[in-house]
Amino acid sequence: LRRVIKHRLFWPVATLVSLILINTVARPQFASITVQDGRLYGALIDILRQSAPLMLVSLGMTIVIATRGIDLSVGAVMAVSGAVALTIIDGSADPGDLNVVMLAVVVAILASLLLGIWNGFLVSLLGIQPIIATLVLMLAGRGMALLITEGFITTVNSTPFEFISTGYLLLLPFAFFIWVAAVTAVALMERRTALGVLTEAVGINPEASRLAGVRSRGIIWSAYAASAVLAGIAGIIYASNIKAADANAAGQFIELYAILAVVLGGTSLMGGKFSLAGSVVGVLIIQTLESTILFLGVPSAESPVFFAVVVVVVVVIQSPRLHRFARDVARSARSRGTTESTGDAEVAG
Amino acid sequence: MTSLDTAGTTTRKPAGYFETFMSRRASLLPTIAAVVILILLFIGAEIMLRGDFITPRNISALLLDNAYLLILAVGMTFVIVTGGIDLSVGSVMAFTGIWLAKLLEAGTSLAIAIPAILLAGALVGLLIGVLVQFFDVQPFIASLAGLFLARGLAFVVSLSSIKVETTEVLWLQSTRIHLGEWYITPTGILALLVVFAGAWVMQFTRFGRTTYAIGGNQQAALMGLKVARTTVAVYVISGVCGGLAGLVLTAYSGAGYPRNGVGTELDAIAAVVIGGTVLAGGRGYVLGSMIGVFVYGTIKTIISFMGAEQSWTQIIIGALLLVFIVVQRAIVARSDRRS
């Protein structure tokens, strides 16, 4: 049991499970899953479906944070990607054509990749602080998206495009498969090759890893590129869900929620060791919390208060100072305990 | 970086007055650049709009329209000089603004309402400061919690906008103190007072020097300086500035609105950086931030004069931010090599 508690995923998973339990007790229909027309429905399935954009963004964010960076531009990248995809579909003769949608998706992802390469260039080559380097695109990116859509909210009616977010495949939502595929791909790349270890090395000590022959520049650069590509896919899913490219609302605050998910999952913002599984759990916690808040009848606009409380509690629990304090308390309690027990033993003897 | 290094060594000729000035006051360079950019913007707009831009009316409006941003930028300068960042200011402004409107609607007197909202701003700042100083939370994350908290509280106060009809508040905005063609509003005076108070505290008090010391070097700051107290205080200052900006914005728009100021924290950070404050901390000027706000406001005015999309404002500010960051990077690298 001790090993279970000591496991770094223990607290995130415990939080998630208790959230789900509280929900199930408070409203039994939360856990119920019904089958209809060969599809599963239910609050839990909704959470799996709706978490897709945040999941993709958080995956990228995890890798970037592991290199001691941060990517604030993900929301703006989402807006650009959605704008690009919808402008292509909207401008085509037949918006329902599968080929058009495929082309739009590919071009949107390529556009996101370009933005990611730009971020990586600023951080790894010019050596600008990541917060600032990505702030540039965070500010300018939404402007670009607005220019692409010419200031309007582009809407389309395209069945294949809508399938991305609302379609089903083998009982489960298609969007769920997208994020599972993305998590698997990233996990395989990071954990089955040396890339993950090298990423952590760069994050723990950039100078030492450089001296050890790690090509940190390329690793950092590719982290930002990957983050932007994942954000681009997230932008497509978001646009597909609302059937529109809204340059202002797409991915609003998502960078903050993604960072929160990564921190909840136990990855330190100081870089280094990272946990992809932790981030997955973190995203699910956030989505479940959101669903809980909605259920409580709190207007969704007020939900940030709850998130603020969660952030404060989590960071305070993670803070080294509190750990030191807790250790001191535990040690003094234990030493008092041992003296008492020896005293007892003497009495008994 | 290497190309910069060679440039630095080749230009070190017998030092003239300019060279000496530059080497001693390298941290002033970005601020001077901001002033130059502001002047260029004015001249460019004047030429492009055929003499319709530099009018007393326009320049007076610049202060009026950006008074709230100016106040936020002053608080932000303190935080950034210590090497921190405060993402909560836009939300704090929205929260205090809507709360003020709500309090006034309920018939609370101004003498209670205004201190109340300033205190609310200070408390959010205090929370952030305590998290940063005593729990070793990164300023980014701590102020993120502040952002969420204040934004949520703004919606708790009211989900829709509340009109303000208190004459004293509207007076702040509608009074125009004329000086020929020029005018200034009480909100503008308030903003300028905040700027000068901020600049004075930064330059001439022990507190200000401690602020620079914390940002410049954590170890040096240990030499008997009150690090903990000052770190918490800069976030409280930023929070109070957020509260004050809420008052000014509510007066400006004649209403409180919980969606106000989404992304304003980024505008404030951009203005501070353009004004020459280095994000790594230790270098920066409150007066520079004022210039930064004016550059921001002027770009916005020019774009609306040209009838172009406002989205260009974001793109241009983003580009300008980039230029300044690269310049700062070069300056910091140079002065680090010197020392």
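Just so it is clear: chains get the letters A, B, ... in the order the sequence lines come, proteins before strands, and each one is counted from 1. Since we're looking at a predicted model, the values are computed, not measured.
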T149(A) meets the side chain to side chain donor-acceptor pair (under 3.5 Å) criterion, sequence neighbours left out, with none
Mind checking the CE-CG spacing from M138(A) to L266(B)? Nearest 0.5 Å is all I need.
-> 4.5 Å
For L135(A), which of V273(B), I85(B), I269(B) qualifies under side-chain contact (heavy atoms from CB on, under 4.5 Å)?
-> I269(B)
Give, for atom CD1 of I70(A) and atom CZ of F140(B), the distance between the pair rounded to the nearest 0.5 Å.
-> 4.5 Å
Heavy-atom pair with the smallest gap, counting every atom of A145(B) and A308(A) = O-CB, 3.4 Å
Who pairs with Y257(A) by ring-ring contact (aromatic ring centres under 6.0 Å, His included), at least two apart in sequence or on another chain?
-> F307(A), F148(B)
Top contributor to chain B contacts, counting heavy-atom pairs under 4.5 Å, from V312(A), L260(A), L147(A) | L147(A)
Checking heavy atoms, do the side chain of L149(B), its backbone, both or neither come under 4.5 Å from chain A?
-> both
Tell me, for A142(B) versus chain A, whether the close heavy atoms (under 4.5 Å) come from the side chain, the backbone, both or neither.
-> neither
Pair count under 4.5 Å, heavy atoms only, with chain A: among I141(B), L131(B), L147(B), highest is I141(B)
Contacting region of I259(A) [heavy-atom separation from chain B under 4.5 Å] | side chain
Please state whether the side chain, the backbone, both or neither of L137(A) comes within less than 4.5 Å of a heavy atom of chain B.
-> neither
Top of V156(B), L153(B), D267(B) for chain A proximity - count of heavy-atom pairs under 4.5 angstrom | V156(B)
